[in-house]
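Data first, discussion second: the structure below is written as structure tokens.
If you read the sequence from its start, that first residue is 1, and numbering goes on from there.
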Amino acid sequence: MQYYFSWVKENAIFTPDLHSREDEKIFSLQIMEEEGSVPQARIIIENPKGRRKGKEADEEGQERSYCFIAVKNSAEEVHLLFRGRLVTFPTSLQGETLTFDFVALSSLREENYEHLLQDLKESSVWGSLFLPLSKRDNPEVTDLLSTQARHVFWDRTSHEVALSDLVHGSHHDDVLGNYYRDSLQVKVTRSPLEEIEMHLNAKWVQRFQGATRFDHLLQGDLPEGLIETYSGKDLEKKWWRADKQFRPNGYRVLEASLAPFSSLDHMDSFLASPEDPLFKNKRSRGRIGGVQEPKTVRFKRKSYRPSLK
């Protein structure tokens, strides 16, 4: 297995034949990927000797901002391992080796990030209610993912930006070839190394907190913002109470009230059929020629101003 390192321009396209070269001699290579973080790479190279000087060297140095790191496997196939931008340069050029740090960032990644951000803004699983007012106009991807069990995934070679599910998924790597055993940095295993299987079980509590008043929604379609009803006692009995929990969605009533307007209360009279269930089991009165007369009933009409938070 052989590793290649080539300095490239930002918009370069990886070509195995073209980029199977060693612009720098790699002494040590480390690639780091973490869920929700931009991939990084650190290489330690042999300190190059006899660099060209003058204008030609300066022009070459301007291109030394992006790199391709590739590998040739036992089947003589060359694959891209990492595409990144230089973020740290050695402050001291003395010694036998130099250390460079790269991140998988480019203008292409920024474009992909913006596309993902726009898609999430239009997603049906997100609502602005979950964000404070200061972030609703310009939310970040991490804000929009607060309602989902997913993280942002940055591809370290194509710089595509996608979403990675925290609950489902798998990743498989084949390590082939001959290596120094210690260089694999595999712990708590027995040789020969054939397979590693890891199961991760995690529990977490996800909490979102915020308060919304529904007064304007309740009162908006009511005359003068008031509820007028002949079933006042039933309405008072069934109205929401403070600290009531709505499961399983986690909503809780903070404040709720029905403010009565006694000055608007009055009695209304109605004529009802004798066959109305209201008069069942009551002594029949007012028969005329064997036929019951319509009965007069009176109901109290009550008024309330609703409030709910």
Heavy-atom side-chain proximity of Val253 to Trp240 below 4.5 angstrom: yes

Polar contact flag, side-chain donor to acceptor under 3.5 angstrom, Trp154-Glu160: no

Nearest-0.5 Å distance that lies between atom CZ in Phe102 and atom CZ in Phe5: 3.5 Å

Donor-acceptor contact present, side-chain His216 to main-chain Phe214, <3.5 Å: no

Non-hydrogen side-chain atoms of Val71 and Val78 separated by less than 4.5 Å: no

Rounded distance (nearest 0.5 Å) linking atom CZ of Arg156 with atom CG of Leu80: 8.5 Å

Same cluster (ILVMFWY, side-chain, under 4.5 Å), Tyr251 and Trp239: yes

Validation row: Thr296, Phe270 side chains within 4.5 angstrom (heavy atoms): no

Min side-chain heavy-atom separation Asn47-Glu96 under 4.5 Å: no

From CD1 (Ile44) to CZ (Phe27), nearest 0.5 Å: 7.0 Å

Neighbour count above 12 (heavy atom, 6.0 Å) for Ile13 CD1: no

Any donor-acceptor N or O pair under 3.5 Å, side chains Tyr304, Glu236: yes

Distance-minimising heavy-atom pair for Phe68 and Ala12: CZ-O, 3.6 Å

Cationic N near anionic O, under 4.0 Å, Asp243 to Arg252: yes

Euclidean distance, Thr212 OG1 relative to Lys309 NZ, rounded to 0.5 Å: 9.0 Å

Tyr3-Ile31 co-clustered via ILVMFWY side chain contacts under 4.5 Å: yes

Separation of Leu81 CG from Leu29 CG (nearest 0.5 Å): 7.0 Å

Glu10/Arg85 salt bridge by N-O under 4.0 Å criterion: no

Any Asp265 side-chain heavy atom under 4.5 Å of Lys300 side chain: yes

Phe153 vs Glu33 side-chain heavy atoms within contact, under 4.5 Å: yes

Intermediate values then yes/no, side-chain contact (heavy atoms from CB on, under 4.5 Å), Phe100 and Ile45: CA-CA 8 Å; Phe100 294 87; Ile45 66 170; 3.2 Å; yes

Shortest non-hydrogen contact from Thr157 toward Arg83: O-CD, 3.2 Å

Ser6 versus Asp23, closest heavy-atom pair with distance: CA-OD2, 3.2 Å

Check against side-chain contact (heavy atoms from CB on, under 4.5 Å), Leu258 and Arg305: CA-CA 6 Å; Leu258 280 174; Arg305 186 176 298 280; over 6 Å; no

Distance-minimising heavy-atom pair for Ser307 and Arg213: OG-NH2, 2.9 Å

Considering all heavy atoms, the nearest Leu308-Ala256 contact: CD1-CB, 4.0 Å

Test item: Tyr66 and Trp7 side chains (from C-beta on) under 4.5 Å apart, heavy atoms: no

Value rounded to 0.5 Å, distance of CD in Glu46 from OG1 in Thr97: 9.5 Å

Salt-bridge criterion met for Glu77 and Lys72 (N-O under 4.0 Å): no

Closest contact, heavy atoms only, Arg21 versus Tyr4: O-CB, 3.3 Å

With Ile43, the side chain to side chain contact (heavy atoms under 4.5 Å, CB included) member among Ile69, Asp101, Leu98: Ile69

Hydrophobic cluster identity match, Val38 and Val87, side-chain contacts under 4.5 Å: yes

Hey, can you pull the donor-acceptor pairs under 3.5 Å for the side chains in residues 217-234, sequence neighbours left out?
residue	atom	partner	partner atom	Å
Gln219	NE2	Pro306	O	2.8
Thr229	OG1	Ser231	N	2.8
Tyr230	OH	Asp268	OD2	2.5

